[in-house]
Each structure stands twice: as structure tokens, then as C-alpha cells.
Protein chains: 2
Amino acid sequence: MASLTEIIESYINELFAEEEERDYVSLRRKELAAFFGCVPSQINYVLRSRFTPERGYLVESQRGGHGYIKILRICYEMPQDKINHIEDIIGDSISEQEAKSILAAFQERGLITSRERLLVEVSLRFTDETGASVFNISPYKRNVLQAELLKRMLGSLALS
Amino acid sequence: MASLTEIIESYINELFAEEEERDYVSLRRKELAAFFGCVPSQINYVLRSRFTPERGYLVESQRGGHGYIKILRICYEMPQDKINHIEDIIGDSISEQEAKSILAAFQERGLITSRERLLVEVSLRFTDETGASVFNISPYKRNVLQAELLKRMLGSLALS
DNA sequence: ATGCATAAGGTCAGTATTCGTCAATATACT
DNA sequence: AGTATATTGACGAATACTGACCTTATGCAT
């Protein structure tokens, strides 16, 4: 049932979990691929789709002899860093699906609770619905409004 | 006479009921549609109209290989008298000051956290501001919108 | 120093799946 | 009859995975 991508993802998560306070793990692409019996580029796919800035990770790598892949957990020095990061990942316009996946990732990271997530979704939905049916706003403009609202809501929590 | 939507809704509710404490249900859209002999998009309709954040549910989904739909129950549905009570308190129109004092009272009673209160205030403010500056809505109409949003947000939390 | 062999990792496009959206149509409820 | 809700289906978009081909680093031999 679980996809190969999910299996590799949780394997990497376990590496992080082995030691609390651990802020990076490094690995060799070819070895990991051999271990899971897949092509090496599958590892890139896992990294690109799971260990993204949106989910709080950065990836560094080096080719050639002694090459490696290093996955780092993003940590914020100051509240402003967190707000900048939020603005980066949301951007100027966002679809409903993108917004939902950001919220899911934030809850996963423990940045918001499930009730907080619920409140954000209710207000995004209300804004979108009202914009469409009462004010006849174009879909694009609605996504701009959603991005603005989402940034404000998550940004306000970053300071508290 | 039960509509197809209602039948599918209760089927999903039964999945939740199978086990107390169950906080999510996961399914495949195509399978469920085949089971009920309808088109897959019917499932989306059921989710959008029944398992909404206003009713305490969140829906996560993923397309592509190993795709899925996951329905999370965040808050148990609130008894109707509680909802009526909240709607009575808020009414059909509400000023920013009234809204704030209701939120303060709710926080005082431990029904919402300070972060939840912040989220509500930020989104009310955004709605009001956008309504005024972008859509030139009258102050009265803005208070109507605020009341509606506030009712939905507080209603979603199943306050006891 | 130079150059080449070797040893990493990266990218991209193709294929198969699976879900979402939207507009048109049908049904049910005042 | 008119509005709100329900249903359908065509089309589009996102995800998972593979394999062929590309790029970059190391280090040894000259």
C-alpha cells in the first residue's frame, strides 16, 4: 500500500529521529537506491517531493569521488526568519490545493495545531466562496487574496 | 428519500464510527465511486458539501500513483443548541469591537486559546479591510460579512 | 601542472495512475 | 415557476517511477 517514495521518506525520517537535536543526515545516493532496489534517480524524486523548503528541509550535495547528499532541517534564528520563509513559500498567489498542503505540512512540523488549521481553512473557504459568489472575482484574483490572507494568518502565529 | 450524497455521507460516517477515537478515514476515489455506481467526481461533491472545515473535518488528498483521499475529523459535530447559542450571541451583523469582546470572553472561559483568537481576529480584519478598500462595501455590509465569518469559525471548533 | 579514468550525483522526458475542476444537466424543495 | 441542491462527464493537472544521458569532482599517471 505504501509507495516506495513513502518508504524511503520514512527511512530518512528515522535517521533524523535516531538522535534528537540532529539537524542533518547525509547519505550516498547509489547505496540507498541499491538498498531499496530502485534506480538512483528515485532518490532525487523523494528529495524533491518530500524534503522541500516547504516542509522545512534543505538539500546539499556533492558529485564526484566522495560524493554525498546532505539533508538539513531548517531552523529559524529569529521570528522574522520564520515570517520571511512563510512569505517565500506562499508567494503572491496560491491555489486551494497548495494552501491545504502547506497547512498539512505546518501541522506535521508542529507549527500549528489541528484546530488552528481548521480555522485557517474555514476562513480561506469563506473568502473564496464570498469572492466568487458575491463579488464575482476572477479565479486568479481569488488566489491572490487567498495568498495574502494565508500569509497574514500564518505570519501572525509566527510571532506569538 | 435518501439521496446518493446522503448515502455516501453515512457510509463514510460509519467508517468513522467503526472505531471510537478514530480520527481519520482514508479511501480511493475510484473504488468508492465504483462501489456506489457513480462517477468519481460525485465523491468530490460529497466531500465539498458534507465534510467541510465548518463541520470540523479536513480533507487531504494526493493525485497520481498511490493517490488517496484522507478525511480527518478534527472536532466532533457540535450540538445544535450550542450552534444556536453562538448564532444568537453573534447575530446577523457585528462590529469589530463586539467581535473582539466576544473573542475575549471565549478566551477567558478557556474555550479558545490566544493563538486561535489571534487567527480569528486577523481574518476578520482582513475581510473588513479588503471589503472596504478593494470592493468598496458599505460598513453595514462589512459587519454582516464579519458576523458570518465569525459564526463559521467559532462554529467549527465545537466549543463545549 | 595536465589529462584522463573513475566515481559520484543531476536532469529530463516518457508512461502509467489517480485526483480535481468546471460547466451542463437533472432533480428536489419551496 | 424559481431557486437550491445533486449528478454527470469531459478535460486538465499532479504524482510516482524508470532509464538514458549529462555534469562535476577526485586522484593518479605522466
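So that the names make sense, note that chain A is the first sequence line, chain B the second, and so on, each numbered from 1.
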I'd like to know if Arg125(A) and Glu96(A) make a salt bridge, using a cut-off of under 4.0 Å between side-chain N and carboxylate O.
no
Let me know which of Lys82(A), Glu87(A), Gln80(A) forms a side-chain hydrogen bond (donor to acceptor under 3.5 Å, both in side chains) with Asn84(A).
Gln80(A)
Tyr45(B) OH to dA24(C) C1': how many Å, rounded?
15 Å
Report yes if a donor N or O on one partner sits less than 3.5 Å from an acceptor N or O on the other, where the partners are the side chain of Arg28(A) and the base of dG9(C); otherwise report no.
no
Position toward the 5' end of DNA chain D (nearest nucleotide), Gly65(A) or Thr5(A):
Thr5(A)
Which is more 5' along DNA chain D, the nucleotide nearest Val46(B) or the one nearest Arg50(A)? Just name the residue.
Val46(B)
Could you go step by step and tell me if Arg117(B) and Glu121(B) meet the salt bridge (charged side-chain N to carboxylate O under 4.0 Å, His left out) rule?
CA-CA 6 Å; Arg117(B) 175 180 169 190; Glu121(B) 290 194 2; 3.4 Å; yes
Between Glu31(A) (CD) and dA7(C) (P), how many Å, whole number?
14 Å
In this structure, how many angstroms lie between the P atom of dA16(D) and the CD atom of Gln42(A), rounded?
9 Å
base_contact_polar (dG19(D) base, Ser41(A) side chain, donor-acceptor, <3.5 Å)
yes
Of the listed nucleotides (dT7(D), dC19(C), dG19(D)), which one gets closest to any side-chain atom of Lys30(B)?
dC19(C)
Give a yes or no on this: more than 12 heavy atoms of other residues, nucleotides or ligands lie within 6.0 Å of atom CG of Asp88(A).
yes
Between dA25(D), dC19(C), dC17(D), spot the one nearest the side chain of Gln62(A), thanks.
dA25(D)
Please give me the minimum heavy-atom distance between Arg28(A) and Gly67(A), naming the atom from each residue.
NH2-O, 3.0 Å
Name the closest nucleotide to the Ser3(B) side chain, picking from dT21(C), dA6(D), dT18(D).
dA6(D)
Return the value, rounded to whole Å, for the distance between atom CD of Glu6(B) and atom P of dA28(C).
12 Å
Gln97(A) vs dC19(C): side-chain N/O to OP1/OP2 distance below 4.0 Å
no
Computed from five pairs at either end and rounded to 10 degrees, the angle between the axes of the helix from dA1(C)-dT30(D) to dT30(C)-dA1(D) is 30°
Within the pair His66(B) and dA16(C), is there a side-chain N or O less than 4.0 Å away from OP1 or OP2?
no
Let me know the distance between CD1 of Ile43(A) and C1' of dT18(D), rounded to the nearest Å.
13 Å
For Lys70(B) and dT15(D), give me the distance from atom NZ to atom C1', rounded to whole Å.
17 Å
Whole angstrom is fine here: how far is it from CD in Glu96(A) over to P in dA14(D)?
14 Å
Regarding Gln146(B) and Ser93(B), is there a side-chain donor-to-acceptor distance under 3.5 Å anywhere?
no
dC22(C) P sits how many Å from Glu129(A) CD, rounded?
13 Å
Most 5' of Ser61(B) and Leu27(A) on DNA chain C, judged by nearest nucleotide
Leu27(A)
For DNA chain C, the residues among residues 130-141 of chain A that have a non-hydrogen atom under 4.0 Å from it:
none
Output yes when Glu54(B) and Arg152(B) qualify as a salt bridge under the 4.0 Å nitrogen-oxygen rule, no when they do not.
yes
Confirm from the modelled atom types if Arg63(B) and dA13(D) form a donor-acceptor pair under 3.5 Å, side chain to base only.
yes
Residue Asn44(A), side-chain atoms from C-beta onward, closest of dA16(D), dA25(D), dG10(C)
dG10(C)
Identified salt bridge (charged side-chain N to carboxylate O under 4.0 Å, His left out) partner of Asp128(A) from the options Arg142(A), Lys141(A), Lys100(A)
Arg142(A)
Quick one: name the residues clustered hydrophobically with Tyr57(B), using the 4.5 Å side-chain heavy-atom rule over I, L, V, M, F, W, Y, and just say none if it's on its own.
Leu4(B), Ile7(B), Ile8(B), Tyr11(B), Ile12(B), Leu15(B), Phe16(B), Val25(B), Leu27(B), Leu32(B), Phe35(B), Phe36(B), Ile43(B), Val46(B), Leu47(B), Phe51(B), Val59(B), Ile69(B), Ile71(B)
Using the ring of Tyr45(A) (Phe, Tyr or Trp, six-membered ring only), decide whether Arg48(A) places NZ or CZ under 6.0 Å from its centre and within 45 degrees of its axis.
no
